[in-house]
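Here is the structure we will look at.
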Amino acid sequence: MKIEENIAAVVAESILQESGQQVDPTTILLQKTRKEFAGDLTLVVFPFVKCLKRSPEQVAELLGQTLLRQIPQIEGYNVVKGFLNMVLTPGFWLDFLGREAGNERFGYASAKHEDPGRSSQAKKPVVVEFSSPNTNKPLHLGHIRNNLLGYAVSLLLEGTGNQVVKVNLVNDRGIHICKSMLAWIRFGQGETPESSEKKGDKLVGDYYVVFETKLRQQVDALMKDKGISEEEARKEAPLMQEARSLLRRWEARDPEVLAVWKQMNEWVYQGFDVTYKRMGVAFDKTYYESETYLLGREIVSEGLRAGAFYEKEDGSVWADLSEYELNEKLLLRADGTSVYMTQDIGTAQLRYDDFLPRKMIYVVGNEQNHHFDVLKKVLDTLGKPYAAAIHHLSYGMVELPQGRMKSREGTVVDADDLMDEMVATARKTTEELGKTQGLSEADKQELYRVIGLGALKYFILKVDPQKNMLFNPEESIDFNGNTGPFIQYTHARICSVLRKASPGRLKHAYGSLEGISPNGKEKELLKRLHEFPGVVLEAAHELSPARVANYVYEVAREFNQFYHDYSILNEPDQGISDFRLLLSQLTVTTIRNGMALLGIDVPERM
RNA sequence: GGUUCCGUAGCUCAGCUGGAUAGAGCAACAGCCUUCUAAGCUGUGGGUCCCAGGUUCGAAUCCUGGCGGAAUCACCA
């Protein structure tokens, strides 16, 4: 039993004895003692003063005495106002260290879905959708946040015992890809990634820009010549009409159009693969909108027959959600073609049929909050059992100093470029510090990659997903302070110490903890490490990798303070030296596992 | 206009289900490398936690109302 539970039980019992009243277990609030007070755990006694009819100090004193008597791991206490600060025995902390220092999986939970004793519900997987790119443009900084967040959340859920299925939903059809196709057909002269030595997604993205540029010219001319509004001009522009016609031909399965479409998407996927691989993300399954929208269309038609939806005179199909304050929502156009919502209805069903998940998490920007409210309601209206299983993990936008990224203003931060820059900065900084002697060229390249990507990933993941975040391209991402490289550096530093310890030292050290009394810094660090499994659980529960990121930073900071003040290997007292070695060992595991849960690698040297 | 989210130091961000004197980093300034990696450590300055009420023994945290910002309310995705 955890000591916190033990204390809570004694407190509840004690209050029952004194007052005859049952206390609400949630009012027994144990927190770690603040640094400026003596003690390890603090109980807030204010909630109990009323029923015990005594002053806060008296209540704290009473509970303190009882706890001291009944719980052997408590060796003392002090009372400050309504706070009871308890001091745990060195033995408690040393037991913890001895138990976990050799545990490579410290912080991870056992796999619940493989546990035969678990309920069938707990064994069901969680599906996490992220990335979800369009095939007309390369990935940018916004996608980076999405991918890193989705991947880290998947790792967190896996790390806490869930079976996770990572899925990508590629939006490979629609007017946007037709625009790229049209521009390529009209102006491309057969250009291919091979002929131009461009990444496939970049090539297709460039034609999207060509389309928009040429369209702009036509629109401007139309507005000037005919004096019509921009909106009308966009509709009338020949290029726009051709793009529409291309879409219709695509939906009609015109072989010529399908061939171009297939070819261009293939180029894009090859490009995306390179980017995903570099980013370090991967998927268990990829859905394509071109393969799911038909199912969505069927489900909507069924819903219409069943009376869940209604048809307008022009033949379009709508859901009436006005009773939920959500207005009406189009589900099928008059010409029978589908919209985004139609497609999402289809994929939800497909996903449910494929995996029977207990939860379906969608990592999608907060600009789509409304879309998911509607989706859940529509599925609910259809009586779909999985409507309640849908969870929109809504995250904030990445903004630039001048606001959102706008392709028209050329302020989009390209994912590949950004990763290149980060790695280049990592190389430059590392070379300046000159600590890589003895590393092969390949090792060095790998190190630059690990540091550059670590800096980028940590920068993104340390921010609470819900919040918008700012990225300033003018200032490169920092490598000092609360950053990925700082944490990686701390890891490398500890590895260096562990390498220098004579072989077999660690094993021998487990036996020699008896009689050690950790000093202030050591205990701070131990207490911090003790929190790790709880932090991981909370982070998984809240789907917030930021919790882990900020925690790991605290660990690294506290280790560096300890490292600065005390010697590990040069400590003359063998017992203390062994203890510090184990402390370092557990710290390195915590950093490595914590970073791994974020999808960030840590180097052994840097 | 309706709905949702956000507002904490000059800047970027923490602050867990309400708990003690609100914390880091960056930037600025001042120190610390013949000792296990100085991408480190220490110190100084820096706050009306947007504002006003309310609930509470106790509010940055919860409620109400303002103010400011963002998103959304598409036959775009």
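Numbers restart at 1 for each chain; the letters A, B, ... are given by sequence-line order, proteins then strands.
- Remark: A:Arg145 is not positioned above the aromatic ring of A:Tyr395, lacking an NZ or CZ atom under 6.0 angstrom from the ring centre and at most 45 degrees off the axis.
- Among the nucleotides B:rC75, B:rA20, B:rC36, the one closest to any side-chain atom of A:Asn85 is B:rA20.
- Stacking is not found between A:Tyr563 and the pyrimidine-like six-membered ring of the B:rG40 base under the 5.5 Å centre-distance and 30° plane-angle cut-offs.
- Side-chain atoms of A:Asn134 and base atoms of B:rC76 include no donor and acceptor less than 3.5 Å apart.
- Each of B:rC75, B:rA38, B:rG25 was ranked by its minimum atom distance to the side chain of A:Tyr553; first place goes to B:rG25.
- A:Gln437 comes within contact range of no nucleotide atom at all, as no heavy-atom separation falls under 4.0 Å.
- Remark on RNA chain B: of its neighbouring residues A:Asn560 and A:Asp335, the 5'-side contact belongs to A:Asn560, judged by nearest-heavy-atom nucleotide.
- Residue contacts shown for A:Arg605 include a base, since a base heavy atom lies under 4.0 Å away.
- Aromatic ring pairs are classed by plane angle as parallel below 30°, tilted from 30° to 60° and perpendicular above 60°; the pair A:Phe459 and A:Phe471 is perpendicular.
- Under 4.0 angstrom from either OP1 or OP2 of B:rC26 there lies no side-chain N or O belonging to A:Asn482.
- Rounded to a whole angstrom, the distance from the C1' atom of B:rG68 to that of B:rC49 is 16 Å.
- Cation-pi check for A:Lys329 over A:Trp318 is not met; the charged atom does not lie both under 6.0 angstrom from the ring centroid and within 45 degrees of its normal.
- Among the heavy atoms of the strands lying under 4.0 Å from A:Ile451 is at least one base atom, whether or not backbone atoms are also near.
- Within the structure, every side-chain polar atom (N or O) of A:Lys467 is placed at least 4.0 Å from both OP1 and OP2 of B:rC13.
- Stacking annotation: A:Phe83 is not stacked on the base of B:rG19 (requires ring centroids less than 5.5 angstrom apart and an interplanar angle below 30 degrees).
- Checking B:rC5, B:rU72, B:rG23 against every side-chain atom of A:Gln466, the shortest atom distance belongs to B:rC5.
- Of the candidates B:rA77, B:rG40, B:rA14, the closest approach to any side-chain atom of A:Val463 belongs to B:rA14.
- Where A:Asp464 and A:Tyr340 meet RNA chain B, the nucleotide closest to each residue was compared, and A:Asp464 sits on the side nearer the 5' end.
- Across every non-hydrogen atom of A:Asn366 and A:Gly396, the tightest pair is ND2-CA, 3.5 Å.
- Contact annotation: A:Arg34 does not reach the phosphate of B:rA22 (side-chain N/O to OP1 or OP2, under 4.0 Å).
- Between A:Phe559 and A:Phe562, the ring planes lie perpendicular to each other; the angle is over 60°, past the 30° to 60° tilted range.
- Using a 4.0 Å cut-off, no side-chain N or O of A:Arg244 falls inside it from OP1 or OP2 of B:rC76.
- Checking the phosphate oxygens (OP1, OP2) of B:rU72, no side-chain nitrogen or oxygen of A:Gln368 falls inside 4.0 Å.
- Scanning atom types as modelled, no donor and acceptor separated by under 3.5 angstrom connect the side chain of A:Ser132 and the base of B:rA77.
- Contact annotation for A:Leu470: backbone-only contact, meaning every heavy-atom pair under 4.0 Å involves sugar-phosphate atoms and none involves a base.
- At a threshold of 4.0 angstrom between heavy atoms, the contacts of A:Tyr566 include nucleobase atoms, whether or not backbone atoms are also involved.
- A:Asp314 comes within 4.0 angstrom of a base, heavy atoms only.
- Judged by distance alone, the side chains of A:Arg34 and A:Asn85 never bring a donor and an acceptor atom under 3.5 Å apart.
- The residue A:Thr430 sits close to a base: some heavy atom pair falls under 4.0 Å.
- The A:Arg499 side chain lies nearest to B:rU37 when the options are B:rC73, B:rU37, B:rA20.
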